[in-house]
Amino acid sequence: MDIIAQLFAGLSLGSVLLLAALGLSLTFGQMGVINMAHGEFMMAGAYTAFVVQGVVGDAGVSLLLALPLGFVVGGLLGLLLEATLIHRMYRRPLDTLLVTWGVALVLQQVARDVFGAPNVDVRAPAWLSGAVQIGGLALPRTRLFILTLAIVCVVALALALRATPLGRRIRAVVQNRDLAEASGISSRATDRVTFFIGSGLAGVAGVALTLLGSIGPTLGTNYIVDAFLVVVAGGIGQIKGTVIAATALGLMQSFFEYSTTASVAKVLVFVTIVAFLQLRPQGLVSVRTRSLA
Amino acid sequence: MLELSGVTTGYGRTMVVHDVDLTVPDGALTAVLGHNGAGKTTLLRAVLGLLPVRGGTVRLAGEDVTALAPHKRVRRGIAYVPQGQQSFGQLSARENLQVVADAHGRAGRRRTDEALDLFPALRELLGRQAGLLSGGQRQQLAIARALVTGPRLLVLDEPVEGIQPNVVTEIYDAISTLTAAGSLSVLLVEQHIGYAVEHAAEFAVLTSGRVAHRGQGGGEGASADARKALAL
Amino acid sequence: MFSTQEQPQTEIDLAAAEALLGTDADRFRHDYLEVRGLRVEFDGFVAVRDVDLTVTQGDLRFLVGPNGAGKTTLIDAVTGLVRATGSVSFGRTELLGRSTHRIARAGVGRTFQTASVFEELTVLQNLDIAAGARRRPLTLLRRRQDTPEAVERALETVGLTALRDVPAGVLAHGQKQWLEIGMLLVQDAHLLLLDEPVAGMTQAEREETGALLRRIGSQRVVVVVEHDMEFLRSFADSVTVMHQGRVLAEGTVNEVQNDPAVVEVYLGAPAAESGAAPAKPATTEGDLP
Amino acid sequence: MNVFTALLRPGRARTLAAFGLAAAVLLLAPMVLSPFRLDLLAKFLCLAMVAVGIGLAWGRGGLLTLGQGVYFGLGAYLMAMHLKLADAGPGGVPDFMLLYGTGQVPGWWEPLRSPVSAIVLILLVPAGLAALLGWAVFTRRVRGAYFAILSQALAAAFAILLIGQQQTTGGTNGLNGFRAFFGYDLADPLNKQMLYLIAAGALLVMVAVVRQLSVSRFGELLVAVRDQEDRVRFLGYDPAAVKVVAYAVAAVMAAVGGALFVPIAGIVSPADVGVVPSIGFLIGVAIGGRATLLGPVLGSIAVSWAQTSISEQFPSGWIYFQGALFILVIAFLPGGLASFAGKLRRRRAAAAPGDAGASGDAARDHELVPERSPA
Amino acid sequence: VLCVVGLSACGARVDGGSDTSASAESCVDTSGDTVKIGFLNSLSGTMAISEQTVHDSLQLAAKEINADGGVLGKELEIVSEDGQSEPTVFAEKASKLITSDCVAAVFGGWTSASRKAMLPVFESQDSLLFYPVQYEGLESSPNIFYTGATTNQQIVPALDYLVEQGAKSLFLVGSDYVFPRTANKIINAYAEAHGIEIVGEEYAPLGHTDFSTIVNKVRSADADAVFNTLNGDSNVAFFKEYNNAGMSADDMPVVSVSIAEEEVGGIGVENIEGQLTAWNYYQTVDSPENTAFVEAFKAEYGEDRPTSDPMEAAYTSLYLWKAMVEKADSFAVDDVVAAADGITYDAPEGKVVVNGENHHIAKTALIGKIGADGLIHTEWSSEEPIEPDPYLEGYDWADGLS
Ligand SMILES: Nc1ncnc2c1ncn2[C@@H]1O[C@H](COP(=O)(O)OP(=O)(O)OP(=O)(O)O)[C@@H](O)[C@H]1O
Ligand SMILES: Nc1ncnc2c1ncn2[C@@H]1O[C@H](COP(=O)(O)OP(=O)(O)OP(=O)(O)O)[C@@H](O)[C@H]1O
Ligand SMILES: NC(N)=O
Ligand SMILES: [Mg+2]
Ligand SMILES: [Mg+2]
């Protein structure tokens, strides 16, 4: 019984991590940009939900509206970031980490100045409140919703990358910018689209998080380290790996937490990941290269 | 087809190519020869727009493309095979061709087939990750990829480097066929003077980034002429 | 400082090579490369299988074969870059299973199909690093006071003396290849594995490089992978032909060139050999100065 | 080569001059600064020590370490533990353990009672941990972004671990309230001055060490490893060993910085060692110029100073300022402010021909995301 | 060795017998018609959410006092510093306020970590800190006045209330730091003495955002009530999860000691309505003093700004200092401390009395219930101010605690 409850808790935490990491698997995984402001894009998504609810009122309608709007808001922020800063830094990926960290600081402070330092509240719609009872098990509806949302996002992204030329183009540009240009692919356009989608996913994640936690200027900072770990452990640029890693991390955290404490669990999860990368330095799913070729 | 006048370009503030005039007539092959480090690759990169041109103009079929982004030039009919067996390493060989064919719809798919006919060995490798192919296989893939765009002007930087001899023959035969049909113009950088001069209508020898010598290809004395110019 | 306009033509200097190599020829006398039953597999795809190969000092060995035949993979296996089964020994040392840098310390050096030098470092620094793998830690912590003799010689040998303080990143393709060869020389490798060392060089430069390789080969164990048949004919002592991961033929240049199987998979129709098509490297005799 | 000609070599002469100037400025500070400002400066110098190490590991070696807080923290906590034990007297129990803990000193604290073993441990533990971790990670060829993210996770884990061990580490409170430093009363301004001078001396030594490492063959090798790790392997070096040395040296510098920070600031807490302070250490390095010798030091001191003084005037303004500075410098001036001077100089000389130019911009990233191999 | 490194700059050794406290010479300047005081709150960083409110109410108090003629006829001149939510910065800024700005007293701090960081600074420089937040007790510094509750004024009454309501088992949930851990130690001791079963004790790191596991544990433990010492953002995640898992105040009430009016909005009233809190002040306290305070605050900062316990304690702290100074007729620390005992003040929360011995103040405990209006309404009151007892010396069951 407890085991099943924990299993669900783990899956559900995994789906949250997955939502947070999915966009990163594009911007970090595919494009090599270490976007520390990803968490702040999530925050922007969450505040979008807050604003939408303020305008629309009805919690159900506003949630459904906020999801696409959060995507657009996150995406536009990403686009702006790409167009002003990132595009001049593709050849120095590690620097993007530092620049976007600066951006993250500024965005947090902007949120503080615009919405105030205290947390704000987004109400969950009635149809998401409470839990579904199965046997003695209570599965919170919000958690089920997020799980579903994560699956939808993964499938949509996988399809977009696999079934449309976009995916190929993104990977081509990342691997060899000059060659892509010289093959007739606009690397600027591709970069922007990729960054828009990746950041948009952060916005969606942010909207989803309003169902679970606090909505404040530091919302993103709580997730960013974990989200990067998921991408790294999954194998950079691998959606499949990201999904597996997120799930595994969620389960690990929840089971460790169950048998120890939340703090110890977090440390154990980190240690496990470091140990795991010893075994598979390129992450779960990795692309091989011919070393120097 | 292509007309360079007074092209000067380089890296940062260091100019490597100076004041180069060069034309590639429609349906003809123009060869650029030169020592290591003479600036041949640099010149081609400027033709593609991968390096900013600091002086002079690049005209493609009469249109001034000097300020155009590379991918726009490609859409106007240039295709480029860069030096050094470059590919999109993590894409499969098939995807390497598809990513280019995507922009061309049905024609892209047809030309993919045609390109693969030229390199039958590639057909069996289509599912493989391009980065794991052998050097020569990658180079074959690079030429195929360039052909898929259906270019009017093919820009080749030492295209047969690393390719096995019998395939080299086929590549040059194919180029001859295409140029002879008038459907393709070629700008070729080649160290094998033999090929270059044999197929070229004209050739230019680059020394320290400047055109030091021009000659007519094809004829009897052409090869000797080129070698003499190179020995400068 | 250096500027391209005045960039000197680089040229191989065999006299310098003499000074670099000529010291004690004797110490290499017993070196030979012995490959037995080598097999390399990539998730089910067998890139090299049952390869036996013996190369001795003084025998400038060329390794040819169609694209994808497994030549580079063979070199990768010998230098520890890919996992292989079978046996590779050099001198009396078994190389398989050792880590790359240990293999290098055992005297094995290689170049890469795509030139790879340290672009941020100057030509001199590149060579100095190559020369120093056996330096003691304390030496490493000291500043380089003057150019080691071997490095000076190597600079002259590959004709990069004038470019010694230029970052290697700005060298042209061929210059980088020469730099790599220079690095092999100062590295004091006894077994040199060169993957298409003359790709991208002009005819004249090929000649010079060939002469240099021959000079090195007279003393050390050298294996050259090359598709340029012209070059092969001029400099190879013996040739091994690979095809689909196996050794297809082995022998002198003439033997191999006239082997029908080699002609079939590699050189091309014999009709072309007769000279009708000057578009083939094998027939561009006119290119020889 | 005699000393005189060595001095005349432009690079060396300029460095020596800069070094001498820095030393003079540092030694003069106690005479012009109020005790409070001197204390602040001493604290900044401790942070600058971390920056010097990062300059070596990141600027030269390309190892973007987002977890220097761990080593800073190790040094700081080890020193703090020693000071706590020393304050408690022989066999005594630190005050916070009486309040929140079992009232007994845990076994792993005991080695820190002796001043000598405390100093040894402050140097050895971080070096050992860095070597172990570096060895494990580098031999498995974890690099670039992987390494950065991993080191960041390490900092996060370390902070959480410290917080969770309330009874033995003081938890979020950290350790504070030290009375004496190796027997010298910390309330005495004269002793504070002594601490300042120790910090200044240590910093100068570290700068000298990094300079020696950079100009040595090891420095060249480090750059080679940064650029083409695999190629280095084929020359017979073990790149992991090279990286481990740089990483461990950086760790020790961070630890010494941390150890001196404790008596000067009077406190160390998990807030000084986690993810945010770890990135904070990088700011000064990046802004000063990561690839230069004095850039990290000056950058770090300048940033600390700006943080203290700007936040006095505008609490939230500081965050905008910090963010903007970071964005502008890294995106538009990747060589840091140190390269700004160079740029100006070059612009003035722009007309002059034969200028080798901007190639080899030391600030470029060399460790691409591993899969992005230009196949 | 150190002396050699430090050239000749070697001062006193601890065992050298020199009197070090004399070195802390006060530089407070009271000669003019103004006197400086320092406000030290986190205006940036994670704690800014809470500490900004304290800062605001301190400013309000200072403004009122100045409008009323100042202290001993001298106008208050405020020096504000930002603690940046970091203990180290608090220590540094405290030092700056004392030695550089020469303030007569400092008001601020929130987290116990920040207080612990400042304590040695105030003691060694012999200056005064007024700390306005409820905390874990077990402390009493001659240089600090604690105007928030200590444990016997908040936690113990809350437990008394639960016992009164018939609670037989408790589940403890807290953030992983000193206040919750110490509070829970006290609760355990209390529970043992009162026959209450502690069925679970869980800690989450500060900022922890996923409470599904902890809520699972709470659910299956099925206690009579939950005692919540979570701090900050975690409360939002906890209550949302609690609610979503289908639990409410009716099934299993949660008593919180760190959720004030400010936080209710962020958690969402719908998630927390009907749950209990323990404090010494609510905005709804019905007294003329409070009406005046709330009105003044809203007039200054806007209608939508609630008032809360720490804000009130901070506001009160400034008035208490004023009273002490005026009684002592001096700004000197020693005089002020000597005058402190027995000072009373009619604070918005009711009458408070300074205890000169332990530097805490007597306060009335209030158990409140969160209403649909987002405000907290008193359910139960201790009626009388409770004497502060930071070491719980007056409670037998607490014997082994400190
Ligand atoms: N990225 C660069 N930055 C600065 N200088 C460069 C760069 N790339 C090449 N150069 C310089 O430009 C000159 C010309 O190089 P280029 O690659 O065009 O020569 P090439 O004629 O193509 O030689 P090769 O036959 O070896 O390919 C060389 O001297 C080289 O040093
Ligand atoms: N890491 C790898 N993973 C999968 N397949 C590989 C890998 N390395 C090489 N191969 C395959 O092994 C075969 C042999 O490759 P290799 O590079 O050795 O050929 P080669 O003889 O050097 O060819 P070329 O003359 O074109 O350089 C090729 O089909 C190649 O695709
Ligand atoms: N004192 C507190 N609530 O930390
Ligand atoms: Mg070239
Ligand atoms: Mg090969």
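Only heavy atoms go into these numbers, but all of them, side chains included; no hydrogens, no water, no symmetry mates. To find a chain, count down the sequence lines: A is the first, B the second, and so on, and within it residues start at 1.
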Requested in this report: Could you tell me which residues in residues 261-268 of chain A have at least one non-hydrogen atom under 4.5 Å from a non-hydrogen atom of chain D, sorted by residue number?
Outcome: Ser263(A), Lys266(A), Val267(A)
Requested in this report: Look up atom OG1 in Thr272(A) and atom CG in Leu249(A), then write down how far apart they are to the nearest 0.5 Å.
Outcome: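 Between Thr272(A) OG1 and Leu249(A) CG, I get 8.5 Å after rounding to 0.5 Å.
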Query raised in the report: Measuring from Leu328(D):CG to Phe332(D):CZ, what's the distance to the nearest 0.5 Å?
Result: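 That separation rounds to 6.5 Å.
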Query raised in the report: Between Ile160(D), Leu282(D), Val275(D), Val329(D), which has the largest tally of heavy atom pairs under 4.5 Å with chain A?
Result: Ile160(D)
Requested in this report: Could you have a look at Ile279(D), Leu150(D), Leu161(D) and say which one has the most heavy-atom pairs with chain A under 4.5 angstrom?
Outcome: Ile279(D)
Heavy-atom distance under 4.5 Å to chain D: side chain of [X], backbone, both or neither?
{"X": "Phe228(A)", "answer": "both"}
{"X": "Leu98(A)", "answer": "both"}
{"X": "Leu279(A)", "answer": "backbone"}

Query raised in the report: What's the verdict on side-chain contact (heavy atoms from CB on, under 4.5 Å) for Asn119(A) and Ile215(A), showing C-alpha distance, side-chain angles and the deciding distance?
Result: CA-CA 5 Å; Asn119(A) 291 322; Ile215(A) 303 141; 5.7 Å; no
Query raised in the report: Of the backbone (N, CA, C, O) and the side chain (C-beta and beyond), which part of Leu154(D) lies under 4.5 Å from a heavy atom of chain A, both, or neither?
Result: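 No part of Leu154(D) comes within 4.5 Å of chain A.
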Donor-acceptor list for residues 103-113 of chain A side chains, cut-off 3.5 Å, not counting sequence neighbours:
residue: Gln108(A); atom: NE2; partner: Glu40(A); partner atom: OE2; Å: 2.9
residue: Gln109(A); atom: OE1; partner: Arg112(A); partner atom: NH1; Å: 2.8
residue: Gln109(A); atom: NE2; partner: Asp113(A); partner atom: OD1; Å: 3.4
residue: Asp113(A); atom: OD2; partner: Tyr320(D); partner atom: OH; Å: 2.7

**Report entry** Partner of Lys243(D) by side chain to side chain contact (heavy atoms under 4.5 Å, CB included), out of Asp238(D), Val225(D), Val137(D)
**Finding:** Val225(D)
Report summary line: Counting heavy-atom pairs under 4.5 angstrom with chain D, the leader among Ile273(A), Val99(A), Val274(A), Thr221(A) is Val99(A)
Query raised in the report: When only pairs under 4.5 Å are counted, which of Leu85(A), Asp226(A), Val269(A) shares the most heavy-atom pairs with chain D?
Result: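 Ranked by contacts with chain D, first place is Leu85(A).
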Requested in this report: Apply ring pair (Phe, Tyr, Trp, His ring centres under 6.0 Å) to Tyr71(D) and list each qualifying residue two or more places apart in sequence or on a separate chain.
Outcome: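 Tyr71(D): ring pair (Phe, Tyr, Trp, His ring centres under 6.0 Å) contacts with Tyr247(D).
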Query raised in the report: For Tyr47(A), what residues pass the ring pair (Phe, Tyr, Trp, His ring centres under 6.0 Å) criterion, not counting sequence neighbours?
Result: Phe115(A)
Query raised in the report: Should Val173(A) and Arg177(A) count as side-chain neighbours, where that means a heavy-atom distance under 4.5 Å?
Result: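 Answer yes - side chains close enough.
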Query raised in the report: Looking at Arg88(A) and Glu82(A), does any basic side-chain N land under 4.0 Å from a carboxylate oxygen?
Result: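 Looking at Glu82(A) together with Arg88(A), the answer is no, because their closest N to O distance does not fall below 4.0 Å.
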Query raised in the report: Are the charged groups of Arg233(D) and Glu229(D) less than 4.0 angstrom apart, N to O?
Result: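 A salt bridge links Arg233(D) with Glu229(D).
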